[in-house]
Amino acid sequence: MTYHAGHYDVIVIGAGHAGVEAGMAAAKMGAKTLMLTLNLDMVAFMPCNPSLGGPAKGIVIREVDALGGVMAKVIDKTYIQMRMLNTGKGPAVQALRAQADKPLYIKEMKHILENQENLTLRQGMVDQLIIEDGVCKGVLTESKTSYTAETVIVTTGTFMRGKVLMGDLEYESGPNNQRVSIKLSEHLEEIGLDLTRFKTGTPPRVNSHTIDYSKTEIQPGDEEPQSFSYETTEYIADQIPCWLTYTNEFTHQIINDNLTLSAMYSGMKRGTGPRYCPSIEDKIVRFNDKPRHQVFLEPEGRDTEEVYVQGLSTSLPESIQYEIVKSVPGLENAEIMRPGYAIEYDAVVPTQLWPTLETKKIPGLFTAGQINGTSGYEEAAAQGIMAGINAAAKIQGKEPVILDRSQAYIGVLIDDLVTKGTREPYRLLTSRAEYRLLLRHDNADLRLTDIGYELGLISDDRYKQFDEKKQLIEEEKKRLRKITIKPNEAVNQVMAEAGATPLKEAIKAYDLMKRPELSYAFVARMIESHPDLPIDVQEQVGIQIKYEGYIKKAKEQVARMLKMEDKKIPENIDYDKISGIATEAKDKLKKVRPLSVGQASRISGVNPADVSILLVYIEQGNVARIAN
Amino acid sequence: MEVEAIGTDTITAISTPAGEGAIAIVRLSGPEAIAMTTELYKGANLLEVESHTINYGKIVDPITTEIADEVMVSVMRAPRTFTREDVVEINCHGGMVAVNRVLEIILSKGARMAEPGEFTKRAFLNGRIDLSQAEAVMDLIRAKTDKAMSMAVKQMDGRLSGLIRRLRQELLETVAHVEVNIDYPEYDDVEEMSHEVMRTKSKEVHKEIEALLEVANQGKILREGLATAIIGRPNVGKSSLMNTLVQENKAIVTEVPGTTRDIIEEYVNVRGVPLRLVDTAGIRDTEDIVEKIGVERSRQVLKESDLILFVLNYNDILTDEDVKLFEAVHGLEYIVIINKTDLEQNLDLSKVNVLAKGKPIVTTSLIEEEGIVELESAIAKTFFSGDIESSDLTYVSNVRHIQLLKQAKSALEDAMEGIELGMPLDMVQIDVTRTWEILGEIIGDTASDGLINQLFSQFCLGK
């Protein structure tokens with residue numbers, strides 16, 4: 001007997017980093033939303049490293065925030081340390097990273113969910129979807145409870161047919177010994193979705209009291225207050241450092257001697273692991289000439305002694321893990337609290353998704369997060385919020401929201417996934433973004449706040465502030481164009497201080513700002529009177545002027561890219577009717593069903609000749625002819 | 001592979017350059033190509049002959065029943081053809097009248113006149129060739145001379161691709177290094193890329209692109225002109241010959257900055273044969289090439305020439321120097337010009353005949369304007385007989401490729417400027433990446449996964 005427990009606009013399966021953003025976005029947009037999770041005490045749990053952000057990823061967190069997401073706000077309240085990375089480099093690649101207090105993060109996030117209007121949070125295991133006439137209409141739990149819905153978002157992370165591996169030990173499990181989801185995975189296959197098998201891993205955790213920190217290097221947080229969210233006004237002053245140590249030849253010897261015992265090296269065919277997050281076994285095998293590898297010791301929170309040993313991700317047997325840990329300076333006497341392990345899981349082949357993250361096969365069904373073959377909390381959050389937005393938009397009859405590659409890292413991520421697919425767990429890297437100069441940490445709000453506000457995800461107060469900031473930036477830029485700075489003693493004093501060559505001729509303040517060594521603050525000092533501008537406005541004015549040439553060039557490239565994006569491919573196109581396109585390309589096009597020629601050109605295996613033919617074909621109007 | 005043609009009609013055109021060639025080819029492509037030809041062809045039944053055979057016969061005007069031309073007909077069935085459609089090539093006996101007549105007859109049978117480059121377009125659309133090849137074939141069609149044709153063929157062979165690939169790989173390694181610094185700022189086993197290294201690397205690649213553009217320039221000239229050297233002892237009339245050819249043929253004077261000195265070139269068109277008269281050693285100064293630059297160097301200059309005009313003095317006896325010059329041009333393509341026939345003969349013509357080893361000999365009096373017609377026809381004959389081969393054919397001749405190379409060069413210059421200004425390397429790198437991408441467009445390789453793969457194979461990264 002099935003018990004019908006209600007009807008919802010949006011049901012989110014899972015409450016990890018994707019699930020919480022999806023549920024929050026949908027609920028905030030006014031959709032009646034249900035979130036089902038296996039364990040309410042593990043909402044937004046971080047099963048791997050206790051940190052958020054870093055290059056590309058940190059920018060994603062800000063983007064999610066500009067769209068009204070929650071990750072930034074929660075980490076701003078719960079970090080134990082925060083650092084701005086790449087400060088010696090250009091503004092486009094600077095990014096924040098925070099070490100999280102894991103238990104506190106869960107607590108904060110759960111509380112936010114509990115207080116969100118339109119959102120119901122419930123514990124339960126979903127076994128299957130309700131599919132009617134090929135359309136997703138709800139879910140059915142293991143306790144025979146059914147929920148009907150307009151849309152369903154699956155965000156099950158690494159739980160689907162998860163299998164933990166450590167030496168020759170293997171057992172079905174979610175991460176950190178949580179319950180595994182078996183039936184849902186089987187069900188998704190039954191309804192015709194292609195699944196693939198990926199793996200990832202995590203290192204051992206050790207007890208802080210057993211670490212000899214004197215043999216390690218300290219890695220403190222920034223003294224200057226930082227925040228991910230544009231709404232954050234309070235900062236945590238009391239920060240906890242991380243520590244750095246290294247592996248050595250003994251470590252490598254132990255690993256080499258025991259390589260055959262590693263679950264991932266025992267010769268069994270396994271899921272594909274990510275190259276950017278290799279196990280220590282991988283690192284030693286692939287780069288055997290490296291005398292040492294870095295090991296970062298990262299506290300997992302303020303109220304716990306557990307320390308995450310970043311760099312020693314492994315699937316070697318527990319006994320070997322003890323030896324490895326003890327070989328590392330500072331960890332000679334370290335006690336392992338939890339051993340490291342590898343985990344294999346089912347993922348949905350992401351090319352089965354539209355750029356809205358709705359599945360092509362089953363209307364109403366969305367998937368987001370690690371289930372789509374990504375890796376990382378931030379990548380999950382990014383997909384979560386977009387799936388939530390698009391699920392709600394769909395039932396509200398609104399236009400889908402698809403960010404393009406020049407708008408956000410989120411756009412890069414989703415476009416890569418649905419267009420190229422991925423053969424390993426996907427991680428965002430700055431090098432994946434063609435227009436990273438435009439996708440900066442500092443301008444995420446300028447890029448996306450309008451979209452968030454229009455969707456109802458940004459409060460009026462915040463939007464008002466944002467609008468003021470925008471105006472201040474424009475006014476100041478305008479003002480600097482009018483001001484002329486003449487060479488005199490005072491001016492050249494400042495120039496010397498900035499390490500710049502003395503000024504010889506009068507110059508507009510705007511043009512002077514283009515000198516790499518002159519920050520806004522320096523130029524401001526050369527001007528007699530100037531408005532008292534907030535730091536972020538000063539920063540923005542400085543960046544926009546200084547890198548104007550580069551930004552302009554990037555925008556020209558974007559304009560060219562968008563031209564190809566604007567060439568839409570008719571939905572009813574029959575690729576079999578186009579002769580001349582290579583068979584491989586044809587297969588890929590049929591599978592991905594790109595929405596535009598631009599998207600088609602990014603599919604691997606579709607070469608420029610195929611794209612040209614496609615273009616010619618569409619432009620010749622053959623599509624219309626064949627359709628008739 | 002099952003191939004369905006994109007065009008449904010049959011197209012035709014004269015596919016050899018206009019002019020007085022030895023033969024001319026009328027080509028047909030499309031589903032009706034063979035059937036159409038059969039209807040106006042007298043000879044074996046083309047519908048039944050094997051694919052890729054050449055057949056002797058006659059083209060008959062179906063209305064007047066007159067024989068239009070004696071021909072050789074190649075029948076090539078789809079898909080193993082240039083366009084992947086049925087293709088017929090009718091080799092006519094030349095003479096524009098006859099060829100045009102054949103074409104007209106075919107057109108009257110319902111074939112459509114091909115647009116310029118349409119065969120290539122079909123080849124391209126039917127997946128026979130990729131974009132870069134298609135463009136090379138486009139050039140092939142447009143090529144005015146056999147010379148340029150072989151250049152286009154070389155280009156399709158991918159020599160250019162090889163060069164570009166190497167440059168891209170060099171840039172890619174640099175780019176990957178900068179990317180790693182950005183994405184993994186805390187990894188100490190990856191050195192921070194310095195402005196100095198970036199500057200050196202950019203300069204290296206910039207130099208190579210410049211060199212490519214330089215040969216591109218040469219290639220462009222070669223496409224329409226053969227490097228032609230005039231040699232001979234002093235006062236045999238070299239400069240008169242040059243001036244005569246120039247005056248007769250309305251030359252365009254170009255100045256090409258060379259690597260070591262400025263080279264003056266005269267660019268002339270002799271009966272449809274483009275010649276680039278290279279005044280390498282100062283012929284205008286009537287100085288002896290051998291004397292001026294030495295025997296070894298002059299041999300080098302001669303080797304770089306596609307055609308040599310070797311001038312002798314009718315009025316003078318054959319000297320040791322003349323014999324040396326004969327040795328120097330041995331094995332090269334040359335025409336012997338015996339000048340000054342207006343003066344008394346002192347030259348032993350039978351000796352010259354022996355030394356020339358069957359190469360054409362023309363007698364002229366440039367002052368009296370005699371023998372010029374004969375000289376020009378000798379040049380044309382040498383050329384059309386296909387004896388001439390160029391010394392080095394690795395050129396960039398495609399206009400689009402030259403354009404892209406220029407873009408790549410300018411992108412790299414932007415990068416170099418950024419370095420000098422002290423811009424952060426991750427900004428500079430945007431221009432380097434752009435250079436890499438533009439170079440990729442030349443060889444049709446724009447897959448950005450290359451960078452990600454480079455990243456992970458070059459560096460040990462990760463948590």
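Lettering of chains follows the sequences in order, A, B, ..., and the numbering in each one begins at 1.
For a residue to count as touching a neighbouring chain, one of its non-hydrogen atoms must lie under 4.5 Å from one of that chain's; by this rule A:Y435 does not touch chain B. For a residue to count as touching a neighbouring chain, one of its non-hydrogen atoms must lie under 4.5 Å from one of that chain's; by this rule B:L425 does not touch chain A. In this structure, the portion of A:Q219 lying under 4.5 Å from any heavy atom of chain B is its side chain and not its backbone. Of the atoms belonging to A:R602, not a single heavy atom falls under 4.5 Å from chain B.
Residues forming a salt bridge (Lys or Arg N to Asp or Glu O under 4.0 Å) with B:R199 (at least two apart in sequence, or on another chain): B:E196, B:E420. In this structure, the side chain to side chain donor-acceptor pair (under 3.5 Å) partners of A:K553, at least two apart in sequence or on a different chain, are B:D414, B:D431.
Most heavy-atom pairs under 4.5 Å with chain B, from the set A:V295, A:L85, A:V93: that is A:V93.
Using a cut-off of 4.0 Å between Lys/Arg side-chain N and Asp/Glu carboxylate O, B:E192 and A:K89 are scored as salt-bridged.
In the model, B:T433 has a side-chain atom that pairs as donor or acceptor with a side-chain atom of B:Q429 under 3.5 Å. Side-chain N/O atoms of A:Q81 and A:Q99 include no donor and acceptor closer than 3.5 Å.
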